[in-house]
Amino acid sequence: MRTSQYLLSTQKETPADAEVISHQLMIRAGMIRKLAAGLYTWLPSGLRVLNKIADVVRDEMNKAGAVEVLMPVVQPADLWEESGRWEEYGPELLRIKDRNQRDFVLGPTHEEVITALVRNEISSYKQLPLNLYQIQTKFRDEVRPRFGIMRGREFTMKDAYSFHMDEASLQETYDKMYQAYSNIFSRLGLDFRAVIADSGSIGGAVSHEFHVLADSGEDDIAFSTESNYAANVEMAEAVAPAKATPSGAPAEVIDKPSGISVENFLAKQDTALKVVLVKAQSEEDTADKWVALVLRQEHNLNDVKAEKLPQVESPLVVASDETAKEVFGCFPLFANPTNLNLDVVVDRSAAAAADFVCGAGENAKFIVNANWNGDIEVADIRDVVAGDPSPCGQGTLEIKRGIEVGHIFQLGDKYSKAMNCGVLSETGKHQILTMGCYGIGVSRIVAAAIEQNHDKNGIIWPEPIAPFTLALIPMNMHKSQRIKDAAEALYSTLTAQGINVLFDDRKERPGVMFNDMELIGVPHSIVVGERNLDNQQVEYKNRRTGETELLDLSQVAEFIAAL
RNA sequence: CGGUGAGUGGCGCAGUUUGGUAGCGCACUUGGUUUGGGUCCAAGGGGUCGCAGGUUCAAAUCCUGUCUCACCGACCA
């Protein structure tokens, strides 16, 4: 490709609304342009990278025995009513009507469509297992799109769905996908980890997420320092600590000390407990009922864990301060967890505490040396924190940020049952299928790769996804016929060799070319200049290491081929 | 949805407090100059100041409404 025939679109200035480095560099390098919140046009360089990633994904999926299909973006509402998600999914699902006022959705995912397809196409156990996938545009009307392509509303996703007669077969395909995903992210040159995950609204039991490690990530991941245990903080189990023994000192009600805020006072205590009021699960929508959750003062309530409690409403609703005041009869900070007239669930760490400080159920009063008496309901409802013992039994946990780029689920029969997707089994009986589903955020990988691979001059693409492999930079070509001849000759040779070359044939000063090529992150470059041409040489430069070396013109083809 | 902030040529911004008919840098065009790391000089083109209404002799500037965008939070692949 010649720059003169290409749309390079680099810019010097960092866009004002781009917060993270990948977003800034994607704009500056001319990869994407924003059309509206969460909606981006892919410019040629961006699209090249996107396609290269898709190629790797496709290749590994095919190798793992999956078969590619392509489903419509627009899906009829009937299917979503059948699965129950027309009601469940919420405002993230963009609903539209056609000219006949029939309801449709823009597909945020394709369980319904694939299940509808398979129930018609497959009728015998002999055709299973089957794993179908597509690489396609999804639409999710995100509450808050951000970080450019990282959390767009429209994005490219690889989604695969597998169908099985039994759990064992599902597990086999699940394991294959786990391996395929590991292969994909390795080939893409990413530093990633597979972590135990929550299956969220998609449903199902077993699930792993694949995270690219980066400080700008939106998820917290807990790792064991000693084993390869890794889990999303949403899921990481907080192990119950040993129960502390009460000292026998009598409980005592004290006034809140003056000259210190309640928060600071509590933070200074060795052991202080707090109460979080959340909405109770209820069938009727009469007056709201509430559940009190008790945690150690320094711990955060884990929403995902709380939602799994049978008595708690899902999605989680935390009471407003006003409501809490009414229910507790005092400011929430002074609620007394040991004496509440409603359902109480105590976090393991809080339950193990003894001689703790907590509210006295009355404004500006605390109890010191409080202890639990009688039966309390105990559950794991907090976020793990760095330093907690690892649930695997080895080492302690450390917490890092990650960008979720892949997620695999064992769905079970959630969709196949709701939509009656089954086949005739060996014994001639109709049997509902078991399903798995496997997603990769193809467009998000572009941003994730940049987060991990950049320097102050721009992007440093891992070789397999670089928009161009080599930049050919002739200096002052418009003034020197021999530079022009040498550059043109190299361009034809390298291109004929199958190398993806970007030939910068603009009439620009060398500095401009160097900066642009570094910004867009071309891994290798060849500089053709008068000085070296005197010795029949050109200069090679490596984008990542910055190392340069002189090459004889006659060696270039061989040298580049060997990279 | 709550909080904060912002909408002025393609991009980054000033001008708004104190109303007087729009400016700077980058980019773009032309000519010259320079040429191994974003040269320099000169001359140009491009904006009904997000939109609607109001106040005024006069509105980017003041008032009302509205839309959009970003960040934090809630929420979420």
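Order of the sequence lines sets the chain letters (A, B, ...), proteins ahead of strands, with each chain counted from 1.
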[X] near the nucleic acid: base, sugar-phosphate alone, or nothing, with a heavy-atom cut-off under 4.0 Å?
{"X": "A/His23", "result": "nothing"}
{"X": "A/Gly529", "result": "base"}
{"X": "A/Glu530", "result": "nothing"}
{"X": "A/Gly152", "result": "base"}
{"X": "A/Glu539", "result": "base"}
{"X": "A/Arg28", "result": "base"}
{"X": "A/Lys34", "result": "sugar-phosphate"}
{"X": "A/Lys507", "result": "nothing"}
{"X": "A/Glu404", "result": "sugar-phosphate"}
{"X": "A/Asn532", "result": "base"}

Describe, in one word, how the ring planes of [X] and [Y] are oriented to each other, choosing from parallel (under 30°), tilted (30 to 60°) and perpendicular (over 60°).
{"X": "A/Phe468", "Y": "A/Tyr6", "result": "perpendicular"}
{"X": "A/Tyr491", "Y": "A/Phe503", "result": "tilted"}
{"X": "A/Tyr181", "Y": "A/Phe185", "result": "perpendicular"}
{"X": "A/Tyr178", "Y": "A/His208", "result": "perpendicular"}

Which whole number of Å gives the distance between the [atom1] atom of [N] and that of [M]?
{"N": "B/rG32", "M": "B/rU17", "atom1": "C1'", "result": "45 Å"}
{"N": "B/rA14", "M": "B/rA60", "atom1": "C1'", "result": "12 Å"}
{"N": "B/rG23", "M": "B/rU64", "atom1": "P", "result": "30 Å"}
{"N": "B/rC51", "M": "B/rC69", "atom1": "C1'", "result": "14 Å"}
{"N": "B/rA74", "M": "B/rU4", "atom1": "C1'", "result": "15 Å"}
{"N": "B/rG2", "M": "B/rG65", "atom1": "P", "result": "15 Å"}
{"N": "B/rC63", "M": "B/rU55", "atom1": "C1'", "result": "7 Å"}
{"N": "B/rA52", "M": "B/rU68", "atom1": "P", "result": "16 Å"}

**Message:** According to salt bridge (charged side-chain N to carboxylate O under 4.0 Å, His left out), who are the partners of A/Asp552, at least two apart in sequence or on a separate chain?
**Reply:**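 Once residues adjacent in sequence are excluded, A/Asp552 has no partner under the salt bridge (charged side-chain N to carboxylate O under 4.0 Å, His left out) criterion.
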**Prompt:** Is any side-chain N or O of A/Asp516 under 3.5 Å from a base N or O of B/rG38, one able to act as donor and the other as acceptor?
**Reply:**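 For A/Asp516, whose side chain was compared with the base of B/rG38, there is a donor-acceptor pair (under 3.5 Å).
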Atom pair distance, as rounded to whole Å: [atom1] in [X] and [atom2] in [N]:
{"X": "A/Ile27", "N": "B/rC69", "atom1": "CD1", "atom2": "C1'", "value": "13 Å"}
{"X": "A/Asn457", "N": "B/rG38", "atom1": "CG", "atom2": "P", "value": "12 Å"}
{"X": "A/Ile403", "N": "B/rC76", "atom1": "CD1", "atom2": "C1'", "value": "16 Å"}
{"X": "A/Lys456", "N": "B/rG38", "atom1": "NZ", "atom2": "P", "value": "13 Å"}

**Item:** Under 3.5 Å on both distances, the Watson-Crick or G-U partner of B/rG19
**Value:**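 Base-paired to nothing in any strand shown.
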**Asked** What is the pairing partner of B/rG65, taking Watson-Crick or G-U wobble pairs with both distances under 3.5 Å in any strand?
**Response** B/rC51
**Prompt:** Between the main-chain N or O of A/Ile27 and the side-chain N or O of A/Arg33, is there a donor-acceptor pair closer than 3.5 Å?
**Reply:**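 Indeed, once roles are kept as given, a pair shorter than 3.5 Å links the two residues.
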**Prompt:** Are A/Arg95 and A/Asp141 ion-paired here, with the side-chain N under 4.0 Å from a carboxylate O?
**Reply:**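 Between A/Asp141 and A/Arg95 there is no salt bridge, as every charged N stays at least 4.0 Å from the carboxylate O atoms.
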Measure all distances between protein nitrogen or oxygen atoms and nitrogen or oxygen atoms of nucleotides 27-32 of chain B, and list the pairs falling under 3.5 Å.
none

Under 3.5 Å, which protein N or O atoms sit close to an N or O of nucleotides 39-47 of chain B? Give each pair with its distance.
from	atom 1	to	atom 2	distance (Å)
B/rU39	OP2	A/Arg509	NE	2.8

**Complete:** A/Ser186 meets the side-chain contact (heavy atoms from CB on, under 4.5 Å) criterion, sequence neighbours left out, with A/Phe192
**Results of side-chain contact (heavy atoms from CB on, under 4.5 Å) for A/Thr469 - residues two or more places apart only** =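 With sequence neighbours excluded, A/Thr469 shows a side-chain contact (heavy atoms from CB on, under 4.5 Å) to A/Glu463, A/Ile499, A/Asn500, A/His524, given in chain and number order.
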**Request:** Find which nucleotide of RNA chain B each of A/Glu307 and A/Pro145 is nearest to by heavy atoms, and output the residue with the more 5' nucleotide.
**Result:** A/Pro145
**Request:** Tell me which of A/Val143 and A/Leu533 sits closer to the 5' end of RNA chain B, going by the nucleotide each one is nearest to.
**Result:** A/Leu533
**Message:** What I want to check is whether the side chains of A/Asn131 and A/Thr173 have a donor and an acceptor closer together than 3.5 Å.
**Reply:** no
**Asked** Judged by modelled atom types alone, do A/Glu154 and A/Thr137 share a side-chain donor-acceptor pair under 3.5 Å?
**Response**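 No, because no side-chain N or O of A/Glu154 sits under 3.5 Å from a partner of the opposite role on A/Thr137.
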**Message:** Name the residue from A/Thr156, A/Ile32, A/Ile450 that meets the side chain to side chain contact (heavy atoms under 4.5 Å, CB included) definition with A/Ile149.
**Reply:**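 So, applying the side chain to side chain contact (heavy atoms under 4.5 Å, CB included) to A/Ile149 and each of A/Thr156, A/Ile32, A/Ile450, only A/Ile32 qualifies.
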Distances under 3.5 Å between nitrogen or oxygen atoms of protein and nucleotides 6-13 of chain B:
from	atom 1	to	atom 2	distance (Å)
B/rG12	OP1	A/Ala16	N	3.3

**Message:** Starting the side chain at C-beta, find the nucleotide from B/rC69, B/rA77, B/rG36 nearest to A/Ala36.
**Reply:** B/rC69
**Prompt:** What nucleotide among B/rG36, B/rA77, B/rC75 has an atom nearest to a side-chain atom of A/Arg146?
**Reply:**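 Side chain of A/Arg146 sits closest to B/rC75.
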**Item:** Nearest heavy atoms of A/Met419 and A/Ser83, plus distance in Å
**Value:** SD-CB, 4.1 Å
**Prompt:** Does A/Arg144 make a side-chain N or O approach to OP1 or OP2 of B/rC1 shorter than 4.0 Å?
**Reply:**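 No, no such contact exists.
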**Message:** Suppose we call two aromatic rings close when their centres sit under 6.0 Å apart. Are A/Tyr438 and A/Tyr133 close by that rule?
**Reply:**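 That pair fails the under 6.0 Å test.
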